Amino acid sequence: MSEICSCCPRHCGIDRNNTTGFCGVPQLPKVAKAFLHMWEEPCISGTNGSGTVFFSGCNLKCVFCQNYEISQEGYGKVITVSRLQEIFLDLIKKGAHNINLVNPSHYTKAIKEAILPLKQQGRINVPIVYNTNGYDSPENLQDMKGITDVYLPDFKYLSEKTAVKYAAAPDYPQVCRNAIIEMHKQVGSAVLDSSGIIQKGLIIRHLILPGHVKESIGILNWISENLPGDVYVSLMSQYTPYYNAKNFSEINRPITRNEYQRAVNHLYKLGLEEGYVQERESSDTQYIPDFNQDGV
Ligand code: SF4
């Protein structure tokens with residue numbers, strides 16, 4: 001593994017074997033939970049569940065993060081690459097439709113080291129889902145080329161101002177746009193099998209933020225203008241003001257019915273009809289896993 005970490009757009013340039021950078025985690029993977037997740041999009045969770053591995057640490061650290069215990073407060077267990085392989089194989093044995101890597105951007109080297117030999121040995125027979133906040137460097141995505149079958153990026157912020165305020169990442173909008181274009185180049189549009197389970201392709205997630213519907217509309221416009229009409233979009237309404245959202249009055253509430261409707265109407269107006277629209281009533285804690293190192 002490389003000594004100097006530059007594997008995400010933060011380019012911290014530190015040795016994660018001895019210290020930590022912005023993401024706050026070491027070079028070896030730190031994992032908070034591995035289980036069959038039933039609450040992802042239907043084409044990912046299916047009937048058996050998505051073989052989900054929640055990685056700790058984060059290169060964005062959004063102020064309202066619902067997974068703040070693992071993304072920002074350090075919860076999780078450091079494991080070896082061979083243990084990570086065992087976790088993947090165990091999830092497949094349990095019937096997982098896929099291996100769903102949640103927040104993998106700061107562990108791509110370890111993940112590649114774990115997956116590549118298993119794929120070469122024919123022991124991974126389900127799609128690999130790269131489930132990311134969208135703050136991925138081109139080098140990272142090149143590293144995952146041929147390993148990732150499904151890219152599941154967020155597109156969180158459109159304006160530099162919002163990205164600075166909530167995630168200290170002024171370059172997020174440009175990095176994310178470039179990342180999504182590269183992801184689509186690698187895997188193309190979504191391909192589902194006869195049971196409706198995704199095998200390959202791109203699904204873009206966008207969480208509507210209170211008071212920021214104009215950004216949602218701008219993000220949908222960008223998708224419509226830059227990607228084919230059959231692109232899958234997952235429009236999410238589950239925003240709940242977690243963690244430090246209480247310090248930002250404009251986002252310290254769920255979205256309103258009107259905000260929800262404006263975003264949904266715009267999605268349909270653009271003809272982006274492939275994908276999913278989450279019911280507004282979905283802003284509930286039931287969708288947040290209990291992080292307890294199960295399966296780790
Ligand atoms: S992965 Fe972590 S340490 Fe490496 S550049 Fe990104 S934030 Fe910094």
Side-chain angles (χ1 to χ4, degrees), residues 1-34 52-81 83-84 87 99-116 128-145 147-148 151-157 160 162-183 186 243-244 291 296:
M1 290 188 188
S2 72
E3 297 294 309
I4 301 301
C5 189
S6 192
C7 81
C8 89
R10 297 278 177 196
H11 297 297
C12 296
I14 49 94
D15 180 356
R16 282 167 63 196
N17 293 304
N18 303 321
T19 184
T20 53
F22 186 91
C23 59
V25 282
Q27 188 84 336
L28 280 172
K30 194 173 189 184
V31 177
K33 191 176 179 90
T52 305
V53 180
F54 275 94
F55 290 100
S56 304
C58 188
N59 64 2
L60 269 191
K61 299 187 177 172
C62 301
V63 296
F64 51 82
C65 182
Q66 65 174 29
N67 295 340
Y68 63 91
E69 287 169 272
I70 69 167
S71 63
Q72 303 186 40
E73 293 191 337
Y75 183 79
K77 182 178 171 188
V78 177
I79 60 170
T80 61
V81 169
R83 177 64 197 139
L84 187 59
I87 291 172
I99 294 297
N100 182 357
L101 309 165
V102 180
N103 210 353
S105 310
H106 39 297
Y107 296 119
T108 47
K109 287 188 171 50
I111 289 169
K112 188 175 172 182
E113 205 179 316
I115 291 179
L116 213 51
I128 300 294
V129 181
Y130 188 90
N131 183 342
T132 169
N133 57 29
Y135 198 47
D136 286 280
S137 65
E139 297 81 14
N140 241 8
L141 297 176
Q142 282 305 316
D143 251 7
M144 293 305 291
K145 193 174 176 178
I147 294 178
T148 303
Y151 279 111
L152 184 57
D154 292 330
F155 193 158
K156 289 173 178 287
Y157 314 113
E160 184 182 317
T162 314
V164 168
K165 193 171 187 187
Y166 301 142
D171 57 347
Y172 177 88
Q174 192 55 48
V175 166
C176 185
R177 284 192 291 256
N178 292 346
I180 287 174
I181 294 292
E182 170 61 24
M183 290 171 186
Q186 284 186 25
Y243 201 42
N244 289 323
F291 296 113
V296 180

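Note that this is a predicted model, so its numbers are computed, not measured. For the numbers below, each heavy atom of this structure counts, side chains included, while hydrogens, waters and symmetry mates do not. Ligands are counted one by one from 1 in listed order, and the atoms in each one are counted from 1 as well.
- Shown here for S105 and T132, the closest heavy-atom pair between the two residues is OG-OG1, 3.3 Å.
- Each of T52, D154, N100 was scored for a side chain to side chain donor-acceptor pair (under 3.5 Å) with N131, with one residue passing: N100.
- Closest protein heavy atom to atom 4 (Fe) of ligand 1: C5 SG, 2.2 Å.
- Annotation: atom 2 (Fe) of ligand 1 to nearest protein heavy atom, C23 SG, 2.3 Å.
- Contact annotation: for R16 versus ligand 1, heavy atoms closer than 4.0 Å belong to the side chain alone.
- Although no hydrogens or angles enter the test, the distance criterion places no donor-acceptor pair under 3.5 Å between the side chain of K61 and the main chain of A168.
- Close approach of ligand 1 to H11 (heavy-atom distance below 4.0 Å) involves ligand atoms 5 (S).
- Inspection of the Q174 and E160 side chains reveals no N or O donor paired with an N or O acceptor under 3.5 Å.
- Using a 4.0 Å cut-off to heavy atoms of H106, the atoms of ligand 1 that qualify are 1 (S).
- Among all non-hydrogen protein atoms, the one lying nearest atom 5 (S) of ligand 1 is C12 N, 3.3 Å.
- Residue C7 approaches ligand 1 through these ligand atoms, each under 4.0 Å from one of its heavy atoms: 1 (S).
- Among N103, L101, N67, the one residue that satisfies the side chain to side chain contact (heavy atoms under 4.5 Å, CB included) test with F54 is N67.
- Here C8 does not reach atom 8 (Fe) of ligand 1: none of its N/O/S atoms is less than 2.8 Å from the metal.
- Using modelled atom types and a 3.5 Å distance limit, the side chains of N140 and T108 yield a donor-acceptor pair.
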